[in-house]
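Notes for the one structure printed next.
Labels below follow one simple rule: chain letters A, B, ... track the order of the sequence lines, proteins then strands, and each chain is numbered from 1.
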There are 2 protein chains.
Amino acid sequence: MPRSATTADVFNAVAEPRRREILGLLARGERSVNDVAGSLRVNQPQASKHLKVLKEVGLVRMRGSGQQRLYSLNAAALKPIHDWVMTFAQFWGECYDRLDEYLQELQEQEKRHAQQK
Amino acid sequence: MPRSATTADVFNAVAEPRRREILGLLARGERSVNDVAGSLRVNQPQASKHLKVLKEVGLVRMRGSGQQRLYSLNAAALKPIHDWVMTFAQFWGECYDRLDEYLQELQEQEKRHAQQK
DNA sequence: TTGATATATTCCCGTATGGGAATACAATAC
DNA sequence: GTATTGTATTCCCATACGGGAATATATCAA
């Protein structure tokens, strides 16, 4: 079996540095493909391909506007990574123990919030 | 240029599900290669190879004990992922805005702590 | 319609992968 | 010494990658 496809999950999609750059760019707002290509100094087909991967794993959303395709960030799709990495927060030193508590508190708040809906 | 090597950085090393499983296992304590292989139901050479990748990116430490090699987690090496993913925490909802503030506070504390050394 | 602009797709290639199988190396036990 | 256990390495393979280049598709403009 070869390496997992880049579109297999968010972890694989985000392993590529350029795709992380794209997400960082989109964090500052919706961009067209050419905007992305220009900002990252990559040619248009590469940008298009990277965006396709990001879209397949749900990290970006696309909407058409005339002949442009505007891509925007869907940061919620990063939560699996966040949740996973936070599993190890307790090993990062004393400060982070408190962070861990804080996160648990947050999760409880979220649950209460969700139940109220 | 092909895909980045799995040993290129922590993001690539962690993109492989089995390697994340290994880290999760090592989070509960030091293990020998055969322990890892047994817990993950993978044969020994694969376990050895995955551990090699994890060691190359600094995610695990190794020490010899007799004829065994005991591997342990070095969770600090996950910080690049943590820091990166936290860049997007502000997009995850209201609760996480406060988390972001808290993290900035933590970073300042770390700086002061480092300067005191 | 023709032309121009924006985006997506296809083909090629060198490279790296993860798993299987076999083997090599290392350290202990006898 | 030999045997045994624990670990690492090597070779093979099917698969997928990311970049380049060229081309196809889509949308607007005149």
B:Arg19 side chain vs B:Val14 backbone, donor-acceptor pair below 3.5 Å: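 Not a single qualifying donor-acceptor pair exists.
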Any donor-acceptor pair under 3.5 Å linking the side chain of A:Asn74 with the backbone of A:Arg61?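 Not confirmed, A:Asn74 side chain does not pair with A:Arg61 backbone.
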Less than 3.5 Å between a donor and an acceptor, one on the side chain of [X] and one on the base of [N], is that the case here?
| X | N | result |
| --- | --- | --- |
| A:Glu16 | D:dG18 | no |
| B:Lys49 | C:dT17 | no |
| B:Gln44 | D:dA8 | yes |
| B:Lys52 | D:dT9 | no |
| B:Gln67 | D:dT7 | no |

Write down the distance between [atom1] ([X]) and [atom2] ([N]), rounded to a whole number of angstrom.
| X | N | atom1 | atom2 | value |
| --- | --- | --- | --- | --- |
| A:Phe11 | C:dG18 | CZ | C1' | 19 Å |
| A:Glu21 | D:dG19 | CD | P | 10 Å |
| B:Met1 | D:dC17 | CE | P | 17 Å |
| A:Leu70 | C:dT7 | CG | P | 8 Å |
| A:Leu40 | D:dG18 | CG | C1' | 14 Å |
| B:His50 | D:dT9 | NE2 | P | 15 Å |
| A:Arg20 | D:dG18 | CZ | C1' | 15 Å |
| A:Asn12 | D:dT15 | CG | P | 18 Å |

Report which part of the nucleic acid B:Gln68 touches: base, sugar-phosphate, or nothing (heavy-atom distance under 4.0 Å, all strands).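 Here B:Gln68 touches the backbone only, sparing every base.
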Heavy atoms only, 4.0 Å cut-off, all strands: where does A:Thr6 land among base, sugar-phosphate and nothing?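 Sugar-phosphate, no base atom in range.
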Output the single nucleotide from C:dT17, C:dT7, D:dT7 whose closest atom is nearest the side chain of B:Ser48.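 Looking only at heavy atoms from C-beta outward on B:Ser48, the closest nucleotide is D:dT7.
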Where the side chain of B:Val33 is concerned, which of C:dG18, C:dT17, D:dA8 is the nearest nucleotide?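 So the nucleotide nearest the side chain must be D:dA8.
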Side-chain N or O of [X] less than 4.0 angstrom from OP1 or OP2 on [N]?
| X | N | result |
| --- | --- | --- |
| B:Asn43 | C:dG19 | no |
| A:Asn34 | C:dT7 | yes |
| A:Arg18 | D:dG19 | yes |
| A:Arg19 | D:dG18 | yes |
| B:Tyr71 | D:dG6 | no |

Using heavy atoms to find the nearest nucleotide of DNA chain C for A:Lys55 and B:Ser65 separately, return the residue whose nucleotide is more 5′.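 Mapping each residue to its closest nucleotide by heavy atoms, the 5'-most match is A:Lys55.
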So which one's nearest nucleotide on DNA chain C is more toward 5', A:Leu51 or B:Arg3?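 Here A:Leu51 is the residue nearer the 5' end.
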Rounded to the nearest 0.5 Å, how far does CG of A:Leu51 lie from CD of A:Gln44?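 Taking CD in A:Gln44 and CG in A:Leu51, the distance rounds to 10.0 Å.
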Show me the donor-acceptor pairs, under 3.5 Å and distance only, between side chains in residues 21-29 of chain A and residues at least two apart or in other chains.
none

Check whether any side-chain heavy atom of B:Asn43 lies under 4.5 Å from a side-chain heavy atom of B:Gln46, and answer yes or no.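 They are in side-chain contact.
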DNA chain D: B:Gln46 or A:Arg69, which has the more 5' nearest nucleotide?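 The residue whose closest nucleotide sits nearer the 5' end is B:Gln46.
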Any residue meeting salt bridge (charged side-chain N to carboxylate O under 4.0 Å, His left out) with A:Arg41, in chain and number order, not counting sequence neighbours: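 A:Arg41 satisfies salt bridge (charged side-chain N to carboxylate O under 4.0 Å, His left out) with no residue once adjacent residues are dropped.
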